[in-house]
Amino acid sequence: MSEEPTEELDDRAGLADHPLTAVRLEKLNEFRSRGLDPYPHTFHRDASAASIHESHPGLEPGAETGEMVTVAGRLLNVRSFGKLRFGVLQDHSGQIQLFVSKAVLGDAAFEIFDLIDNGDWVGAHGEVITTKKGELSIRVDRFDLLAKSLRPLPDKWHGLQDQERRYRQRYLDLTVNEEARATALARIATVRSLRRSFEERGFLEVETPMLQVKPGGALAKPFVTHHKALDLDMYLRIAPELYLKRLIVGGMDKVFEINRNFRNEGIDTTHNPEFTMLESYEAFADYEDVMAMTEQVVAAAANDVTGSSVVMYQGQPVDFTPPFRRLSMLDAVNEQLGLGLAYDTSLDELRRIAGDLQIKVESSWGPGKLIAMLFEATVEDRLWAPTFVIDYPVEVSPLSKRHRTDPDVTERFELIVAGRELANAFTELNDPAEQRRRFELQAAARAAGDDEAHPIDEDYVRALEYGLPPTGGLGIGVDRLVMILTDHASIREVVLFPHLRPE
RNA sequence: GGGUCUGUAGCUCAAUCCGGUAGAGCAGCGGACUUUUAAUCCGUUGGUUGUGGGUUCGAUUCCCACCGGACCCA
């Protein structure tokens, strides 16, 4: 790519037509007319706002440290006093005041400084001092415009309030809203904590296909795309599960992956079409082992991100201190409804109870699906403290191993926190014959119109035929964990670029 | 898919209930000022009230449709 210097701005955006942007364009042109480059290629700094604050604590007013620093960031909130200027330089680490004096800079440079607007990117060099009022500052003796902001930033005091713009133009949100920066950093800290927990336990981080021919590993509608050279419909993955278990077949004892899943479903406060999942698989472990690990990993994340294992969420405490409560799905439903249901309760009875609860029952549902729906409708959103709901019906768990003593259920748990599913895990089904039967049941449901039913994956069954050792698997919804750790009710607050309708 | 709310200056918000051609603060622009911290003071510019229709002498306001957004329900 070659790029000619743009002497005349190509103003298709109409910047010259609005007074607030026109004046910035004029200053840009004034810069150029003085032979200065408003968009230089590079700038070398040797300090950050935070590093300067850290290395100069508690200085007296009027102090001169003799230390020279070079910093770079956005210039905000310039205050003008005759032959003095104060401004705030904001970089990734925080803010440091710039003290700009005509006496230090000289007339010519001081005049050029006034061509810089709030929001411009600036590099500055000078001595670390404190002002008469004691504010740690850089007494600027040299500065460079690093990039012009041709558009004015949102209000310096109120920030950017409009939610739609906060999501569509996250760069503005991050620039002016401290809260947005804190949330972004908390998300990064969460992922770092999770990654460290798994690495400490000897798990290997792997990458598996995002483009899949069989969208398996979960019950959900996929996004469809097309591979031209192969003339083949492909799907963005709804889960990495089946590939990760293939790696266990291949002898990689402990693996995990943190990355995006895609589900072609509605968008609301807890669902983004692409979301981040952590999945892990451990050979020779069962769901009890996974439960014990899960509560440790989640509690560690809470501590790493918030400094406490008790987190305030939407005004109520959530205590992540292990061990978490364990509760079977059937007991949970019976406890809530005051009934004595079982997996051999008649379909008529279960349908009647579900109907009474305004659940739209489908004729294909067996007792397991009905009880799972009763659970979702009556119990799930009431579980606030971290709770392992265990022993899910076989019918809704096509990839889970049957319970060792109760043939109606599988060795599966979901971790429910604040009424939402935070994790899903099971002792993996590793009997290829049973896996094939489960897939065939799913295929029947699919043929009956259930487009979220699991497709048959022949190669996955073939892999099981080579032998999947006993394995415990886990999926953690990273976005939802971040929501709880940052006290946000909407997933859009914890995803940097959430999906909205295009402008 | 259904319901409720919402869109006004670059930003944050008034005026809308009860129709009479939109105000403020900040930002911007001009001026004063060598120690500010949302600086202060004086002056000043800035609006197709989301879009399109309808009712009306007159619509930001009432009605309809559409385009976005928020929340609740399914």
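Numbered from 1 within each chain, the chains take letters A, B, ... in sequence-line order. The model shown is predicted, which means the values in this text are computed figures rather than measured ones.
- Phosphate proximity of B/A70 to A/Arg492: present, with a side-chain N or O under 4.0 Å from OP1 or OP2.
- Rounded to whole Å, the P atom of B/U34 lies 45 Å from the corresponding atom of B/G50.
- Atom C1' of B/G68 sits at a distance of 23 Å from the matching atom of B/A74, rounded to the whole Å.
- Positionally, the nearest nucleotide of RNA chain B for A/Ser101 lies more toward the 5' end than for the other of A/Gly134 and A/Ser101.
- Looking only at atom types and distance, the side chain of A/His499 has a donor-acceptor partner in the side chain of A/Glu274 under 3.5 Å away.
- Across all strands, A/Glu135 comes closer than 4.0 Å to base atoms (heavy-atom distances).
- Side-chain atoms of A/Arg79 come within 3.5 Å of backbone atoms of A/Asn77 as a donor-acceptor pair (strictly under, hydrogens ignored).
- By the ring-ring contact (aromatic ring centres under 6.0 Å, His included) test, A/Tyr392 is found to be paired with no residue, residues two or more places apart in sequence or in another chain being considered.
- When each of A/Gln163 and A/Trp157 is assigned the nucleotide of RNA chain B with its nearest heavy atom, A/Trp157 is the one assigned upstream, toward the 5' end.
- In this structure, NZ of A/Lys360 is placed 13 Å from P of B/G2, rounded to the nearest angstrom.
- Taking atom CG on A/Leu136 and atom C1' on B/U35, their separation rounds to 15 Å, with Å as the unit.
- For A/Phe86 and A/Phe99, the ring centers are positioned less than 6.0 Å apart.
- Between A/Thr276 and A/Arg187, the side chains place a donor N or O and an acceptor N or O closer than 3.5 Å (distance only, hydrogens not considered).
- Listed candidates were B/A39, B/U35, B/C26. Nearest to the side chain of A/Leu84 is B/U35.
- Between the CD1 atom of A/Ile129 and the P atom of B/U34 there is a distance of 17 Å, rounded to whole Å.
- Using atom P as the reference point in both B/U45 and B/C18, the two lie 35 Å apart (nearest Å).
- The nucleotide whose nearest atom lies closest to any side-chain atom of A/Ser490 is, among B/U34, B/U37, B/C71, B/C71.
- Note on A/Thr269: only backbone sugar-phosphate atoms sit closer than 4.0 angstrom, heavy atoms only; bases stay farther off.
- Taking atom CD1 of A/Ile138 as the reference point, atom C1' of B/U35 lies 17 Å away to the nearest angstrom.
- Across all strands, A/Lys102 comes closer than 4.0 Å to no nucleic acid atom at all (heavy-atom distances).
- Listed nucleotides B/A38, B/U35, B/U34 differ in distance to A/Asn77; the shortest reach to its side chain belongs to B/A38.
- Checked against B/C11, B/C33, B/G28, the side chain of A/Ser80 finds its nearest nucleotide in B/C33.
- To the nearest angstrom, C1' of B/A39 lies 13 Å from CZ of A/Arg85.
- Counting to the nearest Å, the C1' atom of B/A70 and the CG atom of A/Leu500 are 11 Å from each other.
- Residue pairs meeting the side-chain hydrogen bond (donor to acceptor under 3.5 Å, both in side chains) criterion with at least one member in residues 362-390 of chain A: none, sequence neighbours excluded.
- In this view, A/Phe262 satisfies the ring-ring contact (aromatic ring centres under 6.0 Å, His included) rule with no residue, not counting sequence neighbours.
- In this structure, A/His158 atom NE2 and B/A38 atom P are separated by 13 Å, rounded to whole Å.
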Give the C-alpha distance, both sets of side-chain angles, the deciding distance and a yes or no for side-chain hydrogen bond (donor to acceptor under 3.5 Å, both in side chains) between A/Arg438 and A/Ser400.
CA-CA 10 Å; A/Arg438 300 265 193 101; A/Ser400 311; 5.6 Å; no
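- Comparing B/C26, B/C29, B/G28 against the side chain of A/Leu20 picks out B/G28 as the nearest.
- Using a 4.0 Å cut-off on heavy atoms, the residues of residues 164-181 of chain A that approach RNA chain B are A/Glu164, A/Arg165, A/Tyr167, A/Arg168, listed by number.
- At the phosphate of B/C66, neither OP1 nor OP2 sits under 4.0 Å from any side-chain N or O atom of A/Arg501.
- Judged purely by distance below 3.5 Å, without hydrogens or angles, the side chains of A/Asp173 and A/Thr175 never pair a donor atom with an acceptor atom.
- Taken together, the paired segments of RNA chain B that extend over three or more consecutive Watson-Crick or G-U pairs, each closer than 3.5 Å at both contacts, are B:1-7 with B:67-73, B:10-13 with B:23-26, B:28-32 with B:40-44, B:50-54 with B:62-66.
- Rounded to whole Å, the separation between the P atoms of B/G2 and B/U12 comes to 31 Å.
- Note: A/His125 and A/Phe143 fail the aromatic proximity criterion, with ring centroids not under 6.0 Å apart.
- A gap of 41 Å separates the P atoms of B/C73 and B/A59, to the nearest Å.
- A donor-acceptor contact closer than 3.5 angstrom is absent between the side chains of A/Arg492 and A/Asn272.
- Inspection of the A/His53 and A/Gln95 side chains reveals no N or O donor paired with an N or O acceptor under 3.5 Å.
- Across all strands shown, A/Leu153 has no heavy atoms under 4.0 Å from either base or sugar-phosphate atoms.
- Separation of the C1' atoms belonging to B/C26 and B/U37 is 16 Å when rounded to the nearest angstrom.
- Using a 4.0 Å heavy-atom distance criterion, A/Gln358 is classed as making no nucleic acid contact.
- There is no side-chain donor-acceptor pair under 3.5 Å between A/Thr21 and A/Arg151.
- When the side-chain nitrogen and oxygen atoms of A/Asn118 are compared with OP1 and OP2 of B/C26, none of them lie within a distance under 4.0 Å.
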Base, backbone or nothing for each nucleotide of nucleotides 41-51 of chain B, written B, S, -, heavy atoms under 4.0 angstrom, 5' to 3'?
-----------
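- Nucleotides B/G19 and B/A27 place their P atoms 37 Å apart, quoted to the nearest Å.
- Distance noted for atom C1' between B/G46 and B/A24: 14 Å (whole Å).
- The 12-atom threshold is exceeded at CD of A/Gln316, counting heavy atoms of other residues, nucleotides or ligands nearer than 6.0 Å.
- When rounded to the nearest whole Å, the span between CG of A/Leu15 and C1' of B/G10 equals 12 Å.
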